[in-house]
Amino acid sequence: MIIRFSKYHGTGNDFIMVDNRSSVLRNSENSIDLIAHLCHRKFGIGADGLILVNTCHSADFEMVFFNSDGREGSMCGNGGRCCVAFANSIGLIKDKTFFKTIDGLHEAIILKKEINTTYVSLRMQDVKDIKKYNENFSINTGSPHYVCFTENVAKLDVCKKGREIRYSSIFEKEGVNVDFAE
């Protein structure tokens, strides 16, 4: 199988982008292993996720995001901005777009283009479900986030603490992005 792809990154996350309007990849149990292999940093292309740009009748296109484990994920803001830049680069959109994701429609605007850089403004869904855990918050921005307020973030082992929260009994089933704020 030949899969044509591009590699994009946005604010520290990198993605494999596939123009899937001709259905090169289908979302099936078989594709989970393939996507995980493509995203593998040592044996594949390496990426935080894979994004498909699909045909959509209710918007300019549909973005389908897969985590690096091959499973379909929730909305990813950095991935959304990369997807819009990619859709623009393949001539699918001009400077403004409405596109569909797992959590609904999103609007985006190409702000500026430079050599190898496209600046995209993406309107995310409004945050609705906010839960308080002690002094911290669980919110959903299209994907679940747990926001920890702490003192002196620079001295905090965010990887260790983030993993503890991510794999705690509260979040281990569905997963959560852990954010630290000071």
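Side chains included, hydrogens not; waters and symmetry mates left out as well; all remaining heavy atoms used.
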Student: Nearest 0.5 Å, what's the CG-NE2 distance between Leu50 and His37?
Tutor: 12.5 Å

Student: Do Ile35 and Phe5 sit in one hydrophobic cluster, given that two such residues count as connected whenever their side-chain heavy atoms are within less than 4.5 Å of each other, even indirectly?
Tutor: yes

Student: Closer than 3.5 angstrom, by distance alone: can the side chain of Asn54 be matched with the main-chain N or O of Glu62 as a donor-acceptor pair?
Tutor: no

Student: The test is side-chain contact (heavy atoms from CB on, under 4.5 Å); show your working for Met63 and Ile51 and say whether it passes.
Tutor: CA-CA 7 Å; Met63 169 187 149; Ile51 296 174; 3.7 Å; yes

Student: Below 6.0 angstrom between ring centroids: does that apply to Tyr146 and Phe171?
Tutor: yes

Student: Does atom CD (Glu151) have a neighbourhood of more than 12 heavy atoms from anything else shown, all under 6.0 Å?
Tutor: no

Student: CZ of Arg123: more than 12 outside heavy atoms within 6.0 angstrom?
Tutor: no

Student: Do Ile139 and Phe180 sit in the same hydrophobic cluster, where Ile, Leu, Val, Met, Phe, Trp and Tyr count as joined when their side-chain heavy atoms come under 4.5 Å apart?
Tutor: no

Student: Mind checking what makes ring pair (Phe, Tyr, Trp, His ring centres under 6.0 Å) contact with His40, not counting sequence neighbours?
Tutor: Phe43

Student: Can we say Arg166 and Glu172 salt-bridge, meaning some charged N sits less than 4.0 Å from an Asp/Glu carboxylate O?
Tutor: no

Student: Given side-chain hydrogen bond (donor to acceptor under 3.5 Å, both in side chains), test Ser68 with Arg41 step by step and report yes or no.
Tutor: CA-CA 9 Å; Ser68 62; Arg41 297 230 178 252; over 6 Å; no

Student: Could you tell me which residues satisfy ring pair (Phe, Tyr, Trp, His ring centres under 6.0 Å) with Phe149, sequence neighbours excluded, listed by chain and number?
Tutor: none

Student: For Asn136 and Val147, run side-chain contact (heavy atoms from CB on, under 4.5 Å): C-alpha distance rounded to whole Å, both residues' side-chain angles, the deciding distance at 0.1 Å, then the answer.
Tutor: CA-CA 6 Å; Asn136 304 315; Val147 182; over 6 Å; no

Student: Begin from the C-alpha positions of Thr118 and Ile110 and carry the test side-chain contact (heavy atoms from CB on, under 4.5 Å) through to its verdict.
Tutor: CA-CA 7 Å; Thr118 302; Ile110 305 283; 3.8 Å; yes

Student: Do any N or O atoms from the side chain of Asn67 and from the backbone of Gly70 form a donor-acceptor pair under 3.5 angstrom?
Tutor: no

Student: Do any N or O atoms from the side chain of Thr150 and from the backbone of Val153 form a donor-acceptor pair under 3.5 angstrom?
Tutor: no

Student: Does CD belonging to Glu135 count more than 12 external heavy atoms closer than 6.0 Å?
Tutor: no

Student: Mark yes when over 12 heavy atoms from residues, nucleotides or ligands other than Tyr133 sit less than 6.0 Å from its OH; otherwise mark no.
Tutor: yes

Student: Tell me whether Lys7 contacts the main-chain N or O of Gly46 through its side chain, where contact means a donor paired with an acceptor under 3.5 Å.
Tutor: yes

Student: So which pairs with a foot in residues 76-122 pass ring-ring contact (aromatic ring centres under 6.0 Å, His included), sequence neighbours left out?
Tutor: Tyr8-Phe86, Phe61-Phe99, Phe99-His106

Student: Within this structure, what is the CG-OG distance for the pair Asp19 and Ser6, rounded to the nearest 0.5 Å?
Tutor: 9.0 Å

Student: Going by the side-chain contact (heavy atoms from CB on, under 4.5 Å) test, name the single residue among Asp126, Leu122, Val127 that passes it with Met124.
Tutor: Leu122

Student: Answer with yes or no whether the side chains of Arg81 and Thr11 bring together a donor and an acceptor at under 3.5 Å.
Tutor: yes

Student: Dump the intermediate steps for side-chain contact (heavy atoms from CB on, under 4.5 Å) on Asn152 and Leu156, then the final yes or no.
Tutor: CA-CA 7 Å; Asn152 206 347; Leu156 182 67; over 6 Å; no

Student: If we ignore hydrogens and angles and just use 3.5 Å, is the side chain of Asp48 paired with the main-chain N or O of Asp14 as donor and acceptor?
Tutor: yes

Student: Counting only N and O atoms by type, is there a donor-acceptor contact under 3.5 Å from the side chain of Asn13 to the main-chain atoms of Phe15?
Tutor: no

